Amino acid sequence: MTSTLLLSVLVGIAILLVLVLYFKIQAFISLLVASISVGFIAGLDGLEIIKVIQNGMASTLGFVATVVGLGSILGAILEHSGGTKVIVNFMINKFGIKRAPTALAISGFIIAIPVFFDVAFIILIPVIYALQRKTKKSLLLYAIPLLAGLAATHAFIPPTPGPVAVADIIGAKLGWVILIGAITGIPTVFICGLIFGKYISKKIHINAPKLEETSIEEKKLPKIGIVFSIILIPILLILANTTIQANEMILTEYKTVGSFFNFIGHPFIALIIANLLAWYFLGIRMGYTKKKMLDISSKSLAPAGIIILLTGAGGVFKQILIDTGAGKVIAELMTDLGLPVILFSFIAAAIIRIIQGSSTVAMITAAGLVSPLLSTNTFSSPQLACLVIAIASGASILSHVNDSGFWLVSQYLGLSEKQTFKSWSAMTTILAVTGFTTVLIIYSFV
């Protein structure tokens, strides 16, 4: 029976990879087919598998769909209002041209909290083009720190979809994931963004494309204080709630305070508050009509829908492993091998990422594999958050030709495939290893 269950998992992952890589079938369908295959091989009948699919989707999407949807709308409003450019301009003005790479790394780290990675990168490309034309230094000196900031936050800090999905699948609290993700992200961005960026820019010199004349007027931009406030409010509310809920004295003696923050600091409410503030201060107050704001919000939910369904399919994969007992078998095998859960989390995500390219698929699949293992031991909230970051680190490793991000960076920076490997692919690998090393140190103390 043990060998059958292990075989079912291996066959399921193989089917997933073949469907995604060879047949180019959407990952949502591929994950469902892989889950069904695991169920049949493990001995479930058709009706049992259908029930698992329903339960897996329902238990996952109740939380993830709401957070990802609200986060997507907030990011779209920030993008269309020019809030991203305001942050970058503010940082560069404060740090100066000589420290522009640091300003860009910090800007990327902040902007990627509400805005999707690829969207934020495309919006900010003109900024790094302008810096290169002014200083004549390699475009990579500015691009790599920006990309590192964007990539680290996109992988580590909710409400970006990846860590939200993984946290929900393995049962980690978002407040702790934000805190551990931020702590992990700072040294990671410093090493893979600033240090590596400075190094690789001396090895590869890239010029920005020639400037084209344009008659388009720069639109009125929002004030920096408002932009920062709207981004930070939901994060601070979630962190405040996490801190208060961990304090027994407050919960015992000040129950009203505890209940209030348990409500207002829940990701749902915190993000709704941020969205309403953004709708008014970055929309209506900036001269946008209510119809325009509705259009911006509606269009932002299209990419969110893909992430939501994909996460739901990941929840199905997790549920299949639990209900068939395959997850328990993997846990026992890991115990026999002496492989810690946090190391397995990183390795599983890294292998899947390298083979099929998508970091989201890698994170969700790895989370599904790790989730059943958690019942064998008791894990604290900080430890579960560390597992989320370990999975996110593994899922960020070695972006190459099977990842759309590889071609996005190559196209916009004017890099050859070889140059993209030496810069972008190397940076993502350093990010993954540094992130995992940092969170492993944190894990040993919590």
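Worth knowing before you read on, the calculation uses all heavy atoms, side chains too, and leaves out hydrogens, waters and symmetry mates. We're numbering straight along the sequence, starting at 1. Note that the structure is a prediction, hence the values are computed from the model and not measured.
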Check: Asn55 main-chain N/O paired with Gln319 side-chain donor or acceptor under 3.5 Å: no

Taking every non-hydrogen atom, the tightest pair across Met286 and Pro222: CE-N, 3.5 Å

Close side-chain approach of Leu150 and Asp118, heavy atoms under 4.5 Å: no

Let's go through Gln26 and Leu309 carefully: what are the C-alpha distance in whole Å and the side-chain angles of both, what is the deciding distance for side-chain contact (heavy atoms from CB on, under 4.5 Å) to 0.1 Å, and is it a yes or a no? CA-CA 11 Å; Gln26 222 288 328; Leu309 289 174; over 6 Å; no

Under the ring-ring contact (aromatic ring centres under 6.0 Å, His included) test, residues paired with Phe379 that sit two or more places apart: none

Verdict with reasoning, Phe436 to Ile342, per side-chain contact (heavy atoms from CB on, under 4.5 Å): CA-CA 9 Å; Phe436 178 66; Ile342 192 167; 4.0 Å; yes

Measuring from atom CD1 of Ile264 to atom CD1 of Ile272, what distance do you get when rounded to the nearest 0.5 angstrom? 11.0 Å

Spatial distance of atom CD1 (Ile389) from atom CG (Leu440) [nearest 0.5 Å]: 13.5 Å

Whether the side chain of Thr438 engages the backbone of Thr434 through a donor-acceptor N/O pair (distance < 3.5 Å, no angle test) should be reported. yes

Count the heavy atoms belonging to other residues, nucleotides or ligands that lie under 6.0 Å from CZ of Phe268, then report whether that count exceeds 12. yes

What pair of heavy atoms forms the shortest contact from Leu146 to Phe121, and how long is it? CD2-CD1, 4.4 Å

Main chain of Val64, side chain of Asp168: is a donor-acceptor contact present, judged purely on distance under 3.5 Å? no

Shortest non-hydrogen contact between Ala349 and Ile391, atoms and distance: CB-O, 3.3 Å

Please lay out, stage by stage, how Met91 and Leu104 fare under the test side-chain contact (heavy atoms from CB on, under 4.5 Å). CA-CA 7 Å; Met91 288 294 181; Leu104 286 165; over 6 Å; no

Heavy-atom side-chain proximity of Leu147 to Leu413 below 4.5 angstrom: yes

Under 3.5 Å: donor-acceptor pair, side chain of Thr429, backbone of Ile397: no

Consider only side-chain N and O atoms of Tyr142 and Ser201, and report whether a donor and an acceptor are under 3.5 Å apart. no

Heavy atoms, side chains only, cut-off 4.5 Å: are Ile92 and Val127 in contact? yes

Please determine whether salt bridge (Lys or Arg N to Asp or Glu O under 4.0 Å) holds for the pair Lys299 and Asp295, giving the CA-CA distance in whole Å, both sets of side-chain angles, and the decisive distance to 0.1 Å. CA-CA 6 Å; Lys299 288 177 181 177; Asp295 290 341; 5.8 Å; no

Rounded to the nearest 0.5 Å, the CD1 atom of Ile430 sits from the OG atom of Ser425 at a distance of 11.0 Å

Which distance, rounded to the nearest 0.5 Å, do you find between the CD1 of Ile235 and the CD1 of Ile110? 9.0 Å

Looking at CD1 of Ile29 and CG of Leu16, how far apart are the two atoms once the value is rounded to the nearest 0.5 Å? 12.5 Å

Give a yes or no answer on whether the side chain of Asn241 reaches the backbone of Leu237 with a donor-acceptor pair at less than 3.5 Å. no

Check: Gln411 side chain, Leu408 main-chain N or O, donor-acceptor pair, under 3.5 Å: no

Mind checking whether Tyr412 and Ile122 have side chains closer than 4.5 Å, heavy atoms only? yes

Using 30° and 60° as the class boundaries, would you call the ring planes of Trp424 and Phe117 parallel, tilted or perpendicular? tilted

Answer yes or no: is there a donor N or O on one side and an acceptor on the other, between the side chain of Ser259 and the main chain of Lys255, under 3.5 Å? yes

If a pair satisfies salt bridge (charged side-chain N to carboxylate O under 4.0 Å, His left out) and one of its residues is in residues 398-408, list it, with sequence neighbours excluded. Arg353-Asp403

Counting only N and O atoms by type, is there a donor-acceptor contact under 3.5 Å from the side chain of His400 to the main-chain atoms of Ile354? yes

Does some side-chain heavy atom of Leu271 sit less than 4.5 Å from a side-chain heavy atom of Ile238? no

Ile180 side chain near Val439 side chain, heavy-atom distance below 4.5 Å: yes

Applying side-chain contact (heavy atoms from CB on, under 4.5 Å), run through Leu31 and Leu19 and close with a yes or a no. CA-CA 9 Å; Leu31 270 167; Leu19 291 177; over 6 Å; no

Taking the side chain as every heavy atom from C-beta outward, state whether Phe63 and Val67 have any pair of such atoms under 4.5 Å apart. yes

Is Ile230 close to Leu78 at the side-chain level, that is, under 4.5 Å between some pair of heavy atoms? no

Is a donor on one side and an acceptor on the other found under 3.5 Å between the side chain of Ser300 and the backbone of Ser297? yes

Without swapping roles, check the side chain of Ser138 against the backbone of Ile206 for a donor-acceptor pair under 3.5 Å. yes

Over all heavy atoms of both residues, which pair between Gly83 and Val227 is shortest? Give the atoms and the distance, please. O-CG1, 3.8 Å

For Trp176 and Thr242, does a side-chain donor sit closer than 3.5 Å to a side-chain acceptor? no

For Tyr288 and Ser81, which heavy atoms make the closest approach, and how far apart are they? OH-CA, 3.8 Å

CZ (Phe190) with more than 12 external heavy atoms under 6.0 Å: no

How far does CD1 of Ile320 sit from OG of Ser35, to the nearest 0.5 angstrom? 6.0 Å

Looking at Gly185 and Phe156, what are the two nearest heavy atoms and their distance? CA-CD1, 4.0 Å

